[in-house]
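So the structure is just underneath, and the comments pick up after that.
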Amino acid sequence: MNDFIFHNPDKVYFGKNQISNLPKELLALGKKVLLVYGGGSIKKNGLYDEIVSLAKENGIELFELSGVEPNPRHSTVNKGAAICKKEGIDVVLAAGGGSTIDCAKGVAAAALTDDGDVWPLVSKGVWVTKALPVVAVLTNAATGSEMDAWAVISNMDTNEKIGLGGSALIPRAAFENPEYSFTLPSYQTACGAFDIFNHVLDNYYFAGDATFDLLLDMQEAVMRTVVKWAPVAMKEPSNYEARANLMWASSMALNTVLDGGTVHGCACHLMEHELSAYYDITHGHGLAIVTPRWLTYILDESTAPAIYRFGQKVFAVEEGFEPTEGAKKAIDALSAFCFETLGLQSSLADLNIDSAHFRDMAEHACMGGKISGIKCLDADDLVKIYEMCLNK
Ligand code: NZQ
Ligand code: ZN
């Protein structure tokens, strides 16, 4: 068990009647607020009107950056940074899913650079310690961006999608009302749910140091929560209990409470970000296709016990098999969850993706080295895993 520091300064307002606290949180940071949102879902579900009237009632001056794309582009981030510079914005308010919150974080960081360009920060891997404050109103349980230090920004000109991290990017406050996610379509619910699941599995669970029992139990509980509540939310979009469980699971998965000194991996995420960068696919769907193939690829005598434990604890795979057989049953259960329960298409071919860019994607994901984790993987390994993803 490794030493660790836990520090998450984000103040979360969770539940139905919390948005009335938004003006207080914003005004503590300043009066000029840039509202960042996506393609219009917040206008349809009433959140936009709610924010605008709260701002008016409380003397908050609102500016807007709308049209943030799923897989947010660096060019959109830069537009937001330009508004911040021109108008002297005090705080960036994101209202939406992970893409919107990530864009807002990028805006907040770029606004304090000389040229207002986020891409040099992203491409050079700068750890952001200076940014405008960010406040988030979450509408999609998925990425954990509402409580974490990361923003994932895409540059479609160069086919790159890269994480920008920094202590200054953690939102100062997050508003999580499960009702805001009632309008999410079933497909987005499924993709978001698998993203939550994979954050635990990819980042910590199989990352190597499985010696801290409390953390393993907590990680399994988050994954079980997704398995239990995602299908309910898909069938009954307005089921508060289901949406609430998924929303808090989203935050728990990446706010570092499950981290506790574990050795990090993120093979599936690195592989998926390449897929989104080349093909602009939905992040959680890409993860669902990659993850069972990745587990199949890394399965051997050394990894079988951990994979089998995962199957037992998360999918109630029976005890008593020898480890490799038990691990295969765990992977079968995971595949059934992704492609039957969540109903996601199971292969890259289904998404019209062929092998044309696999080598480039694999090389870029490995950045000249290896991806660490329960098994270290090089570019040749990644090409083989991508190839496995072509078949059902
Ligand atoms: O743009 P709008 O109109 O808001 O519609 C969005 C979008 O079309 C819609 N949506 C969101 N909330 C809704 C809703 N529609 C109806 N009702 C609602 N309540 O859903 C679509 C997808 O939204 P998006 O924000 O793209 O989804 P998600 O939250 O899954 O975010 C995905 C992005 O986050 C990155 C992903 O790579 C991807 O770019 N990630 C960010 C991470 C982080 N910051 O730590 C970690 C993750 O691993 C991930 O990489
Ligand atoms: Zn993710």
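First listed ligand is number 1; within each ligand, the first listed atom is number 1.
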Quick check on Glu69 - does any of its heavy atoms sit under 4.0 Å from an atom of ligand 1?
no

Is there a polar contact between ligand 1 and Asp148, counting only N or O atoms under 3.5 Å apart?
yes

Residue-level breakdown please: for Asp102 versus ligand 1, do any non-hydrogen atoms fall below 4.0 Å on the side chain, on the backbone, on both, or on neither?
side chain

Hey, which atoms in ligand 1 end up nearer than 4.0 Å to a heavy atom of Val152?
40 (N), 41 (C), 42 (C), 50 (O)

In this structure, does ligand 1 have an atom that sits under 4.0 Å from one of the heavy atoms of Lys44?
no

Checking Asp102 against Ser145: is there a side-chain donor and acceptor pair closer than 3.5 Å?
yes

Tyr297: partners by ring-ring contact (aromatic ring centres under 6.0 Å, His included), with sequence neighbours left out
none

Distance-only N or O hit between ligand 1 and Gly39, under 3.5 Å
yes

Is the positively charged end of Lys313 above the ring of Tyr205, judged by distance under 6.0 angstrom from the centroid and angle within 45° of the axis?
no

What atoms of ligand 1 come within less than 4.0 Å of a heavy atom belonging to Pro72?
39 (O)

Measure the distance from atom 13 (C) of ligand 1 to every protein heavy atom, then report the residue, atom name and distance (to 0.1 Å) of the closest one.
Leu184 CD2, 3.5 Å

Check side-chain contact (heavy atoms from CB on, under 4.5 Å) between Leu351 and all other residues, then give those that pass, not counting sequence neighbours.
Ile281, His285, Ile289, Gln345, Ile353

Which part of Tyr180 is near ligand 1, with near meaning a heavy atom under 4.0 Å away: side chain, backbone, both or neither?
backbone

Nearest non-hydrogen contact to atom 36 (C) of ligand 1 from the set His269, Lys161, Glu179, His285 belongs to Lys161

Any side-chain donor-acceptor pair under 3.5 Å between Lys228 and Asn245?
no

Counting both backbone and side chain atoms, is some N or O of Gly98 under 3.5 Å from an N or O of ligand 1?
yes

Below 4.0 angstrom from a heavy atom of Ser145, which ligand 1 atoms are there? Numbered from 1 as shown, please.
44 (N)

Closest non-hydrogen protein atom to atom 7 (C) of ligand 1, residue and atom name please, with distance?
Pro70 CG, 4.0 Å

Where is the nearest protein heavy atom to atom 27 (O) of ligand 1: which residue, which atom, and how far?
Asn140 ND2, 3.3 Å

Any luck finding a side-chain donor-acceptor pair between Asp195 and His199 under 3.5 Å?
yes

For the pair Leu334 and Phe315, evaluate side chain to side chain contact (heavy atoms under 4.5 Å, CB included) and give the outcome as yes or no after the intermediate values.
CA-CA 8 Å; Leu334 175 66; Phe315 290 111; 4.1 Å; yes

among protein heavy atoms, the one nearest atom 22 (C) of ligand 1 is Gln188 OE1, 3.5 Å

Distance below 4.0 Å between atom 33 (C) of ligand 1 and any protein heavy atom?
yes

For Asp202 and Ala267, indicate whether the former's side chain and the latter's backbone hold a donor-acceptor pair under 3.5 Å.
yes

Output yes when Lys370 and Asp381 qualify as a salt bridge under the 4.0 Å nitrogen-oxygen rule, no when they do not.
no

Could you find the nearest protein heavy atom to atom 18 (C) of ligand 1 and give me its residue, atom name and distance?
Thr183 OG1, 3.5 Å

Look at ligand 1 and say whether Ala149 reaches it with a heavy atom at a distance under 4.0 Å.
no

So Asp380 and Arg359, side chain to side chain contact (heavy atoms under 4.5 Å, CB included) or not? Walk me through it.
CA-CA 8 Å; Asp380 289 342; Arg359 174 55 57 181; 3.0 Å; yes

Asn198 and Thr291: CA distance, side-chain angles, deciding distance, side-chain hydrogen bond (donor to acceptor under 3.5 Å, both in side chains) verdict:
CA-CA 8 Å; Asn198 185 276; Thr291 307; 2.8 Å; yes

I need the atoms of ligand 1 closer than 4.0 Å to a non-hydrogen atom of Ala142, numbered in the order shown.
29 (O), 30 (O)

Does ligand 1 have an atom under 4.0 Å from some heavy atom of His199?
yes

Would you mind counting protein N, O or S atoms that sit less than 2.8 Å from the Zn ion (ligand 2)?
4

So, do Leu348 and Leu275 sit near enough that their side-chain heavy atoms are less than 4.5 Å apart?
yes

Applying the 4.5 Å side-chain criterion to the ILVMFWY set and letting contacts propagate, would Val226 and Val257 be lumped into a single cluster?
yes

Crowding at NZ, Lys31 (>12 non-hydrogen neighbours, <6.0 Å)
no

Honestly, for Ser41 the part within reach of ligand 1 (heavy atoms, under 4.0 Å) is both

Sub-3.5 Å donor-acceptor pair from the side chain of Arg172 to the main-chain atoms of Ile170, do we have one?
no

Any chance you could lay out the side-chain hydrogen bond (donor to acceptor under 3.5 Å, both in side chains) test for Glu160 and Ser123, step after step, and finish with the verdict?
CA-CA 9 Å; Glu160 287 176 290; Ser123 58; over 6 Å; no

For atom 26 (O) of ligand 1, what's the nearest protein heavy atom and its distance?
Ser99 OG, 2.5 Å

Please tell me whether Tyr37 and Glu64 have a donor and an acceptor in their side chains that are separated by less than 3.5 angstrom.
yes

Is it the case that the side chains of Glu25 and Tyr13 hold a donor-acceptor pair, with the cut-off being a distance below 3.5 Å and no angle test?
yes

So the atoms of ligand 1 within less than 4.0 Å of a heavy atom of Asn71 turn out to be 38 (C), 39 (O)

Do me a favour and list the nearest non-hydrogen protein atom to atom 50 (O) of ligand 1 with residue, atom name and distance?
His273 NE2, 2.9 Å

Below a 4.0 angstrom heavy-atom separation, can you tell me which part of Asp195, side chain or backbone, both or neither, approaches ligand 1?
side chain

For Gly38, atoms of ligand 1 separated by under 4.0 Å from a heavy atom:
1 (O)

Side chains of Glu176 and Ser251: any donor to acceptor distance under 3.5 Å?
yes

Qualifying residues under ring-ring contact (aromatic ring centres under 6.0 Å, His included), relative to His273, sequence neighbours excluded:
His269, His283

With a 4.0 Å heavy-atom cut-off (strictly under), which part of Thr139 contacts ligand 1: side chain, backbone, both or neither?
both

Please determine whether any non-hydrogen atom of Gly40 lies less than 4.0 Å from an atom of ligand 1.
yes

Residue, atom name and distance, where the atom is the protein heavy atom closest to atom 46 (C) of ligand 1:
Thr143 O, 3.7 Å

